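This is a predicted model, so every value here is computed, not measured.
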Amino acid sequence: MPDLLTKTLRDGRRGLAGFTVGTALLGVMYAGFYPQVADGAMGQTVQGFSPALRQALRMEDLASAAGYLGSSVFGIIVPLVAVIFGIATGTGAVAGDEEAGYLDLLLAHPVSRTRLLLHRFAALTVGAILIAVVVLLAMLVVRPAAQLDSITVSRFAAQCLALALLIVVFGTVAMTVGAATGSRPAALAATTGIAVLTYAASTLSSQIGADALRYISPFHYYIGGEPLRYGFQWADLSILAATIAVLLTVAVAAFNRRDLTS
């Protein structure tokens, strides 16, 4: 039987390639607008927003490269597309095969449930790393022309590492729900709902007087420490990694306990 990881990556290569290229191109396109923003072309428009909205969307310092990228590129556009990849990959990891009737055939081979889940998780991780690396390279290519030289290579790397972990967090959430329920729609709905609610908690908690809510959001640990300004935020990265480890442990336990014949 072919290696599960290799087969998973090969089967999903077109989707991974599309998400990787699309995420990088969107990032480059919006990063390329920075010179116009720095010249004040958008200043009047942004000033028309309420102070609360500017704070929620991190638009208070669009004149700096780190402020602009942290608001538009890495604050909204790039994580949105990347998290969609994580959710799509996670929902298909177990629940997709189960609903397609392929899971029984796969497990009829000498493959344990744990091994299957771990290989699917490894494929998710490889995809997340690939997206993050390509986004990093794209940012470095456009960096001189887009006047982003104030952001060092290590700070771009710090933000892209956080991006990879964010993808894996939501992919593992979807994988966990799918492993526990066997339902792809349930995994998709639950993970999408969690993503929306946690993004809102990260961006709007201070506006509603509930600052503590942001600490339950993966998005806070992804960008709240402003890696584009301050580099690697090891505490935040460790929390994202620990969250992934806990979710994966729960997924393995839930999948091994389920009666797949019911």
Side-chain angles (χ1 to χ4, degrees), residues 16-49 51 53-86 127-170 199 202-203 214 217-238 240:
L16 176 57
F19 272 105
T20 301
V21 173
T23 305
L25 287 178
L26 282 172
V28 166
M29 182 178 69
Y30 278 88
F33 293 143
Y34 173 66
Q36 287 76 28
V37 175
D39 289 339
M42 288 183 61
Q44 186 174 358
T45 301
V46 173
Q47 289 304 315
F49 297 163
L53 181 60
R54 292 201 303 269
Q55 182 183 3
L57 298 179
R58 297 183 178 87
M59 291 182 169
E60 297 174 304
D61 184 26
L62 292 182
S64 71
Y68 172 72
L69 292 184
S71 171
S72 59
V73 179
F74 287 100
I76 301 175
I77 303 299
V78 166
L80 172 64
V81 179
V83 165
I84 290 174
F85 165 79
I129 292 173
L130 179 62
I131 290 174
V133 168
V134 174
V135 169
L136 171 61
L137 294 176
M139 289 295 108
L140 296 182
V141 168
V142 77
R143 182 171 167 241
Q147 302 176 15
L148 303 174
D149 299 292
S150 60
I151 304 177
T152 65
V153 175
S154 65
R155 290 174 184 173
F156 271 121
Q159 186 66 80
C160 289
L161 174 58
L163 176 66
L165 288 173
L166 184 72
I167 296 170
V168 178
V169 165
F170 284 103
Y199 183 80
S202 175
T203 58
R214 68 176 182 266
S217 172
F219 290 100
H220 171 72
Y221 302 104
Y222 155 68
I223 202 168
E226 299 188 73
L228 292 171
R229 293 186 191 274
Y230 306 115
F232 291 95
Q233 302 297 301
W234 296 113
D236 290 350
L237 296 174
S238 297
L240 290 175

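- Closest of all the heavy-atom pairs between Pro79 and Leu166 is CB-CD2, 4.0 Å.
- Taking both residues in full, the closest heavy atoms of Arg214 and His220 are given as O-CB, 3.1 Å, listed atom of the first, atom of the second, then distance.
- Closest of all the heavy-atom pairs between Ala164 and Ala132 is CB-CB, 3.8 Å.
- Scanning for side-chain hydrogen bond (donor to acceptor under 3.5 Å, both in side chains) contacts around Thr152 gives Ser154, with sequence neighbours left out.
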Please list every donor-acceptor pair under 3.5 Å in which a side-chain atom of residues 17-34 meets a protein atom from a residue at least two apart or in another chain.
from: Thr20; atom 1: OG1; to: Leu16; atom 2: O; distance (Å): 2.7
from: Thr23; atom 1: OG1; to: Phe19; atom 2: O; distance (Å): 2.6
from: Tyr34; atom 1: OH; to: Ala63; atom 2: O; distance (Å): 2.6
from: Tyr34; atom 1: OH; to: Ala65; atom 2: N; distance (Å): 3.1

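- Residues Tyr222 and Asp236 fail the side-chain proximity criterion, which asks for heavy atoms closer than 4.5 Å.
- Relative orientation of the Phe219 and Tyr199 rings is perpendicular, given thresholds of 30° and 60° on the angle between their planes.
- Applying the side chain to side chain contact (heavy atoms under 4.5 Å, CB included) rule to Val153 yields the partners Leu140, Arg143; only residues at least two apart in sequence or on another chain are considered.
- Side chain of Ser71 to backbone of Gly67: no donor-acceptor contact under 3.5 angstrom is found.
- Smallest separation of non-hydrogen atoms from Gln233 and Pro227: CG-CG, 4.5 Å.
- Applying the side chain to side chain contact (heavy atoms under 4.5 Å, CB included) criterion to Leu228, with sequence neighbours excluded, gives Ala66, Leu69, Phe74, Ile151, Phe156, Gln159.
- Every residue two or more places apart in sequence or in another chain was checked for a ring-ring contact (aromatic ring centres under 6.0 Å, His included) with Tyr230, and none qualifies.
- Pairing each heavy atom of Gln147 with each of Pro35, the nearest pair is NE2-CB, 3.8 Å.
- Between the CD1 atom in Ile131 and the CD1 atom in Ile167 there is a gap of 4.5 Å [rounded to 0.5 Å].
- The minimum heavy-atom distance linking Gly70 with Ile223 is given by the pair O-CD1, 3.4 Å.
- Applying the side chain to side chain contact (heavy atoms under 4.5 Å, CB included) rule to Ile129 yields the partners Thr125, Val133; only residues at least two apart in sequence or on another chain are considered.
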